[in-house]
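Remarks on the structure that follows.
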Amino acid sequence: MKKNSTNLRVQLPSLVFALEVLIVVLYALFVTYDDHTNALLQNNMTDHTENAVYQDYTFFADIQVMIFIGFGCLLAFFRRYGFGGMVFNFLTATFSIQWAILVQGFFSFNYDGKIHLGVINLINAEFACAVVLISFGAVLGKTSPVQLLIMALLEVPIFGVAEWIVVTYLKINDAGGSILIHLFACYFGLAVTFILYRPNLNDCHPNEVTSYHSDLLSVLGTLFLWVFWPSFNCALTLRGDDQHRAILHTFIGLSASTLTAFALSAMLNKNGKFSMADVQNVTLAGGVTVGASVDMMISPVAAYVLGMLGGMACILGYKYLSPFLAKRLHVQDQCGIHNLHGLTGLISSLASICAILLASEETYGPSLYQTFSYRAPKVGDPRLEELQKLIPGLEGGLGRTAQEQALYQVAALGSTIAIAIVGGVLTGLVLRLPYLASPTDVSCFDDEPFFNIPPDQAFITETEKDISLEPLDIPNIP
Amino acid sequence: MKKNSTNLRVQLPSLVFALEVLIVVLYALFVTYDDHTNALLQNNMTDHTENAVYQDYTFFADIQVMIFIGFGCLLAFFRRYGFGGMVFNFLTATFSIQWAILVQGFFSFNYDGKIHLGVINLINAEFACAVVLISFGAVLGKTSPVQLLIMALLEVPIFGVAEWIVVTYLKINDAGGSILIHLFACYFGLAVTFILYRPNLNDCHPNEVTSYHSDLLSVLGTLFLWVFWPSFNCALTLRGDDQHRAILHTFIGLSASTLTAFALSAMLNKNGKFSMADVQNVTLAGGVTVGASVDMMISPVAAYVLGMLGGMACILGYKYLSPFLAKRLHVQDQCGIHNLHGLTGLISSLASICAILLASEETYGPSLYQTFSYRAPKVGDPRLEELQKLIPGLEGGLGRTAQEQALYQVAALGSTIAIAIVGGVLTGLVLRLPYLASPTDVSCFDDEPFFNIPPDQAFITETEKDISLEPLDIPNIP
Amino acid sequence: MKKNSTNLRVQLPSLVFALEVLIVVLYALFVTYDDHTNALLQNNMTDHTENAVYQDYTFFADIQVMIFIGFGCLLAFFRRYGFGGMVFNFLTATFSIQWAILVQGFFSFNYDGKIHLGVINLINAEFACAVVLISFGAVLGKTSPVQLLIMALLEVPIFGVAEWIVVTYLKINDAGGSILIHLFACYFGLAVTFILYRPNLNDCHPNEVTSYHSDLLSVLGTLFLWVFWPSFNCALTLRGDDQHRAILHTFIGLSASTLTAFALSAMLNKNGKFSMADVQNVTLAGGVTVGASVDMMISPVAAYVLGMLGGMACILGYKYLSPFLAKRLHVQDQCGIHNLHGLTGLISSLASICAILLASEETYGPSLYQTFSYRAPKVGDPRLEELQKLIPGLEGGLGRTAQEQALYQVAALGSTIAIAIVGGVLTGLVLRLPYLASPTDVSCFDDEPFFNIPPDQAFITETEKDISLEPLDIPNIP
């Protein structure tokens with residue numbers, strides 16, 4: 001039984017085919033084209049060059065690169081889990097996007113009883129997918145593809161609920177998704193890994209090492225994420241100067257966190273050398289810290305400082321907080337998502353609150369009521385008509401004050417984290433069910449249970465087994 | 001003589017310089033700028049933001065990534081043929097595009113006795129190049145760069161003829177090129193490899209294995225193809241909703257084939273493990289199956305089902321059909337292009353016929369006569385004027401019925417495959433000529449004959465030679 | 001002391017934090033938003049779809065890929081210096097762009113006492129960054145990250161001066177930066193490496209070899225540069241047909257240099273095999289040789305011939321000139337930047353002079369005075385008004401003749417090279433200061449001094465030390 005426990009021959013195809021049938025049925029019943037993809041809705045007034053695809057596709061493609069190639073390479077950093085990192089990322093991402101199209105369609109993109117599809121749905125679904133992949137980082141190497149698919153199956157709707165509450169009711173500013181995406185993903189992932197706690201993995205597992213080429217591949221992934229992160233942070237902001245600022249701030253924030261990462265990596269290492277794990281992760285912190293206020297007039301210097309703070313918090317988290325979480329709180333955060341997405345997300349939330357409290361018509365002009373659309377006067381308020389002379393097409397808002405908006409940010413922060421933790425705990429409990437092909441402790445971080453391994457790698461594995469005379473005495477988790 | 005047979009010192013430079021001189025002469029005599037690149041044709045009415053380059057360049061660049069990086073990495077999957085896979089792809093692609101610019105210019109882009117160049121020509125040439133690279137997959141590792149250049153030299157014009165017949169006379173719907181590109185490339189490549197049949201390679205060649213890193217690199221190539229495939233399928237469709245649908249359907253189709261690939265890969269493996277070859281190839285099947293109807297109103301669920309069918313056909317082809325073709329029909333299809341491009345292309349053709357037969361004004365509105373431009377009434381027909389009120393700029397068509405159009409699809413299918421097979425056989429016969437530096441059977445799938453090998457790889461090679469005491473007794477092919 | 005000489009624990013963090021504080025202060029005092037990123041400047045006449053970000057972002061992102069991924073992979077070609085190549089490129093590029101934003105802001109993008117930021121500044125800064133990275137190629141593996149940051153710190157302002165002189169006073173045509181970027185970077189880098197001459201490295205260093213996978217990674221970098229080079233060469237040209245031609249010529253030039261590289265690589269190798277170093281470098285030569293005239297009506301055939309000449313000059317340089325420079329002139333040009341950027345830059349300069357002398361209204365029409373804006377009549381000249389009827393918005397120029405413009409190209413060539421050499425010598429002298437963590441001769445081209453090395457690579461290193469019984473007797477450079 002032990003040998004067969006990770007055999008995917010029955011469970012994985014059954015699960016996947018069941019999901020595919022479900023998706024086909026739901027697509028057949030509920031999914032149709034949106035106004036920009038439906039030929040029937042084009043008429044003699046249609047200017048084809050103004051189809052939404054030309055706004056959205058570039059950002060969609062950039063985020064695809066981040067998700068499939070950036071994340072894929074980044075997660076391939078273990079010496080013997082390169083296939084797992086890259087390929088399970090591929091599988092999980094593909095399923096998550098499909099599933100999110102339906103779930104988010106149910107919550108947001110439906111009318112006339114149908115879900116209406118265009119590239120914009122794909123971008124939103126990619127964000128939900130990013131949530132799943134970040135959480136995946138917490139359990140990397142300790143879960144089977146069956147478990148990962150089930151995690152995605154549960155996390156996407158739970159995220160959908162959080163998104164629905166935050167977007168429909170709380171209505172916050174969070175252009176880059178630092179609250180809704182990064183914090184949700186982080187605390188969900190931590191809750192899952194807490195439930196899946198494996199005491200035997202607290203002492204360094206022999207597979208928990210990188211190789212020279214896996215480190216290079218992982219840096220390549222980091223670079224793809226780094227280069228295209230501005231597209232991620234700006235994809236859903238308002239067109240024009242808001243989107244332009246989002247790109248600028250993301251670039252500046254990433255630059256600052258990168259320099260900081262190198263400085264602290266050398267400083268905190270007793271031999272004064274760089275650690276590749278820092279290069280792979282900490283450099284990206286600035287992309288998260290600028291996220292929640294990325295479209296605001298925070299000034300370039302603030303973006304720079306946010307990047308620096310992100311880099312510092314992240315690297316100190318790796319050095320001091322992660323070991324503490326693992327040993328004392330039983331939270332084994334494999335990729336350190338709490339450092340790269342949690343601490344930075346908290347900084348970003350705080351920064352967004354400050355930026356909201358400081359935002360005024362002096363800095364933004366009437367655009368204030370676009371960037372902070374909930375502060376626009378309500379429909380019927382005479383001030384709205386006045387503003388509409390200055391900004392044609394401005395829609396009525398909720399007439400919130402800056403202080404009110406700041407409080408809603410806090411409420412969103414709290415409720416997002418709460419839903420994430422509860423959802424993560426429940427998901428973790430489901431993942432502990434038997435027959436989900438979960439790897440044993442010994443075979444964690446190893447491709448061997450799930451992949452046909454090429455002879456060269458198999459040879460290395462075999463050789464090392466011969467060398468390590470004393471057998472690893474790690475009991476199997478039920 | 002045997003030792004020198006793969007020496008490229010004379011043949012390759014002679015061939016390349018001859019080709020370069022030919023290209024320079026043809027460029028000098030016939031090639032000039034098109035209306036969007038010629039400074040002389042810009043005037044005070046020109047709106048520079050409407051230059052065609054802004055429509056075409058994004059898609060061009062995406063397809064460049066697919067061709068040079070996607071294909072290049074994908075084909076580098078052999079342990080000892082990584083240089084060959086990636087670098088011969090580079091060489092062959094570069095030459096094919098240049099050559100296709102001239103050949104397609106001769107057939108399609110000429111007036112005033114000149115070939116007029118813009119980025120749109122480069123996109124078309126990239127499609128011809130994709131044809132060559134797909135065919136290359138059938139003979140990977142068994143051909144010298146001299147042979148590959150000659151194959152490209154012959155295949156591009158033969159493809160040009162097929163394209164000319166199909167586009168100019170048969171006039172079909174095939175936005176993603178499933179018929180014209182994938183099926184042509186597949187049957188051409190199969191015919192070439194049939195002629196180049198090497199009986200000694202039917203039993204597994206010792207070099208026919210992957211390594212851990214070559215597998216990862218190959219998956220990386222797959223991911224680049226996967227991510228940018230929507231650009232490939234939409235680059236030449238009508239702007240607006242047609243292009244939008246093409247992107248959506250390609251994404252959905254690829255997603256479905258990817259899930260299916262994972263499910264069947266685990267199911268068909270006796271240990272219930274994933275095979276990296278499946279991850280590298282079968283995941284992409286959906287991009288081909290949606291191809292011929294990618295811009296039509298087939299509905300999202302149909303794109304999903306096409307992706308699933310593609311994944312199934314492709315993986316079953318790898319499992320059962322490819323060994324049969326190799327052993328019984330002497331068709332040694334190295335990368336299994338018949339599975340990824342042939343079977344899927346046939347499914348796509350069939351799907352396009354169904355979609356054409358079902359297409360009606362109810363679903364498309366008057367746009368029907370744009371997507372299916374050959375069904376538009378002929379010039380002079382009063383119905384055309386009526387339609388032109390609804391769609392300004394609609395051009396007269398051929399007044400075909402759906403049934404007629406479906407028959408033309410069948411005719412295109414047949415003639416494409418016929419030209420491909422005849423062309424492939426002739427090309428194969430040329431490639432069997434002596435002095436083309438063809439590798440011996442023993443040195444197939446090996447970089448050593450064509451590259452200076454770095455010491456680490458040379459060391460591995462040397463060591464393995466010592467270990468395998470019994471010499472491989474494979475005779476040289478004349 | 002010897003052991004600690006490369007310890008980065010004190011110097012690197014001190015330097016980086018000092019730079020970060022400097023950047024923060026300068027940002028706080030001087031940096032603000034430009035007209036396209038400042039919310040306050042948007043009003044009811046603003047068309048958000050015309051924000052400059054939509055012109056610039058695609059090219060910006062493409063050049064980011066070239067800089068961080070293309071250069072990063074290309075420079076990772078040494079077997080034991082993959083981390084150094086890829087990661088020091090990351091660090092140096094990140095700092096260079098930030099620094100160039102400030103330096104170029106000081107020279108060019110300021111008014112009202114402020115530097116105004118938008119994505120366009122980032123593109124310009126990327127060009128300055130490319131300069132630093134090209135120069136980096138000359139000293140790859142022989143410099144510490146502290147030295148590289150100091151080199152960037154000095155090179156960016158020296159380049160800023162050269163740019164300011166050429167752009168503000170000499171006013172030349174150099175769309176792809178062959179003169180200002182490639183020649184400057186080349187001669188600056190050569191001057192630095194001349195000052196840092198290490199006599200012990202003239203005989204092949206044991207680390208100066210590639211591995212199979214480092215060669216593949218490096219080719220991958222080449223392919224990224226190759227694919228996106230058209231974006232680099234067109235990013236700052238005039239919109240419309242000029243940009244379209246720049247893309248076309250770059251593609252054609254690269255294609256020609258690639259074919260030529262393969263032909264000559266096989267021809268000049270005594271075994272008739274390809275050298276991967278040629279594939280990695282010489283293929284790119286055409287991108288430089290077309291650079292200075294890339295937006296002109298040079299005709300496609302001229303772009304082709306320029307690509308061929310570039311490939312030839314570059315490969316002959318590697319074969320004959322580089323060894324001569326190293327041994328006789330003490331210029332140890334690690335990556336052969338003189339071949340890929342110097343010789344090709346000179347060819348490109350010459351070509352631009354020819355193209356300028358041949359340019360006439362017959363070929364360009366009135367657009368002549370846009371592409372060659374300095375040849376436009378001066379303000380007040382009645383011919384200007386006449387031309388403005390043909391080209392609305394044409395600005396007054398300097399009324400230069402073709403001959404005058406050609407002379408200015410020569411002047412720019414000379415002054416660029418002169419500033420580069422003087423600046424490079426001074427920078428080299430600074431880099432020879434002690435306490436900059438410079439590696440010893442023995443530990444050149446080795447990641448070990450600067451990185452935590454994964455166990456697999458450390459194991460190889462250890463094994464090789466055991467094998468090589470006679471210790472390398474190379475004295476340390478002071």
Side-chain angles (χ1 to χ4, degrees), chain A residues 58 62 79 209-216 219-220 223-224 226-228 230-231 238-245 247-248 251-252 255-256 258-260 262-264 266-267 269-276 279 283 297 299-301 304-305 308 363-368 371 389-392, chain C residues 6-10 12-13 16-17 19-20 23-24 27-28 31-33 36-44 46 48-49 51-53 57-58 60-61 64-65 68-69 72-73 76 82-83 86-87 90-91 94-95 97-98 117-119 122 145 213 217 449-457:
Chain A
T58 313
D62 289 355
R79 176 170 61 144
V209 285
T210 64
S211 74
Y212 196 65
H213 282 101
S214 71
D215 264 332
L216 279 170
V219 174
L220 192 62
L223 292 173
F224 276 108
W226 204 96
V227 161
F228 290 112
S231 293
L238 290 176
R239 276 176 76 72
D241 58 300
D242 288 69
Q243 212 157 30
H244 203 154
R245 276 195 301 280
I247 289 168
L248 200 64
F251 176 82
I252 293 173
S255 299
T258 301
L259 279 192
T260 309
F262 278 98
L264 288 174
M267 202 168 99
N269 178 283
K270 66 177 189 296
N271 299 315
K273 296 182 178 188
F274 296 127
S275 145
M276 287 302 268
V279 175
T283 52
M297 293 281 291
S299 85
V301 70
Y304 201 93
V305 171
M308 288 178 68
T363 319
Y364 291 79
S367 306
L368 180 72
T371 305
K389 282 177 205 156
L390 299 169
I391 308 180
Chain C
T6 57
N7 188 311
L8 304 170
R9 197 161 189 187
V10 176
L12 190 105
V16 169
F17 285 130
L19 293 173
E20 288 200 321
I23 291 172
V24 167
Y27 264 65
V31 176
T32 185
Y33 297 110
H36 292 270
T37 41
N38 193 336
L40 200 53
L41 301 178
Q42 317 303 312
N43 58 41
N44 57 1
T46 306
H48 285 302
T49 62
N51 193 295
V53 73
Y57 184 59
T58 311
F60 167 67
Q64 287 283 89
V65 172
F68 288 92
I69 296 159
C73 292
F83 290 1
M86 193 180 254
V87 173
F90 185 17
L91 171 62
T94 305
F95 170 66
I97 298 179
Q98 291 170 56
L117 279 204
V119 170
L122 304 187
H213 281 103
L217 193 61
F450 301 120
F451 291 91
N452 284 330
I453 303 294
D456 67 324
Q457 185 81 350

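Quantities reported herein were computed from a predicted structural model and do not represent experimental measurements. Chain letters run A, B, ... following the sequence lines, proteins first, then strands; residues in each count from 1. Note that these values count all heavy atoms, side chains included, but never hydrogens, waters or copies made by symmetry.
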Contact part of [X] toward chain C, heavy-atom cut-off under 4.5 Å: side chain, backbone, both or neither?
| X | value |
| --- | --- |
| A:T371 | neither |
| A:K270 | both |
| A:L368 | neither |
| A:V305 | side chain |
| A:F251 | side chain |
| A:P300 | both |
| A:L390 | backbone |
| A:T210 | both |
| A:S214 | neither |
| A:D62 | side chain |

Side chain to side chain contact (heavy atoms under 4.5 Å, CB included) evaluation trace for C:L117 with A:I252: CA-CA 11 Å; C:L117 279 204; A:I252 293 173; 4.0 Å; yes
Quick one: list whatever passes ring pair (Phe, Tyr, Trp, His ring centres under 6.0 Å) with A:Y212, sequence neighbours left out.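 With sequence neighbours excluded, A:Y212 shows a ring pair (Phe, Tyr, Trp, His ring centres under 6.0 Å) to C:F83, given in chain and number order.
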Looking at side-chain heavy atoms only, is the closest gap between [X] and [Y] below 4.5 Å?
| X | Y | result |
| --- | --- | --- |
| A:L259 | C:L91 | yes |
| C:N38 | A:M297 | yes |
| A:L248 | C:L122 | yes |
| C:F451 | A:D215 | no |
| A:T258 | C:F95 | no |
| A:K273 | C:L8 | no |
| C:N452 | A:M276 | no |
| A:H213 | C:D456 | no |

Side chain, backbone, both or neither: which part of [X] has an atom under 4.5 Å from a heavy atom of chain A?
| X | value |
| --- | --- |
| C:P145 | side chain |
| C:N51 | side chain |
| C:L19 | neither |
| C:L41 | neither |

Most heavy-atom pairs under 4.5 angstrom with chain A, which of [options]?
| options | value |
| --- | --- |
| C:I69, C:L12, C:V10, C:T49 | C:I69 |
| C:V24, C:N44, C:V31, C:T32 | C:N44 |
| C:F60, C:F17, C:Y57 | C:Y57 |
| C:Q42, C:E20, C:H36 | C:E20 |

What residue in A:S275, A:S367, A:P366, A:G365 has the most heavy-atom pairs under 4.5 Å with chain C?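 Sorted descending by pairs with chain C, the first entry is A:S367.
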Out of A:Q243, A:M308, A:R245, which one racks up the most heavy-atom pairs below 4.5 Å with chain C?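 Of the candidates given, the most pairs with chain C belong to A:R245.
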Taking all heavy atoms of [X] and all of [Y], pick out the closest pair and write down the distance.
| X | Y | answer |
| --- | --- | --- |
| C:M86 | A:L220 | CE-CD1, 3.9 Å |
| C:V53 | A:G240 | CG1-O, 4.4 Å |
| C:P13 | A:A263 | CG-O, 3.3 Å |

Check the angle between the aromatic planes of C:F90 and A:F262 and answer parallel, tilted or perpendicular using the 30° and 60° thresholds.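 Ring orientation, 0 to 90° scale: perpendicular.
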Verify side chain to side chain contact (heavy atoms under 4.5 Å, CB included) between A:D241 and C:Y33, making sure each step is shown before the conclusion. CA-CA 10 Å; A:D241 58 300; C:Y33 297 110; over 6 Å; no
Checking side-chain hydrogen bond (donor to acceptor under 3.5 Å, both in side chains) for the pair C:Q98/A:Y304: CA distance, chi angles, key distance, verdict? CA-CA 10 Å; C:Q98 291 170 56; A:Y304 201 93; 2.5 Å; yes
Passes side chain to side chain contact (heavy atoms under 4.5 Å, CB included), C:R9 versus A:N269? Steps please. CA-CA 7 Å; C:R9 197 161 189 187; A:N269 178 283; over 6 Å; no
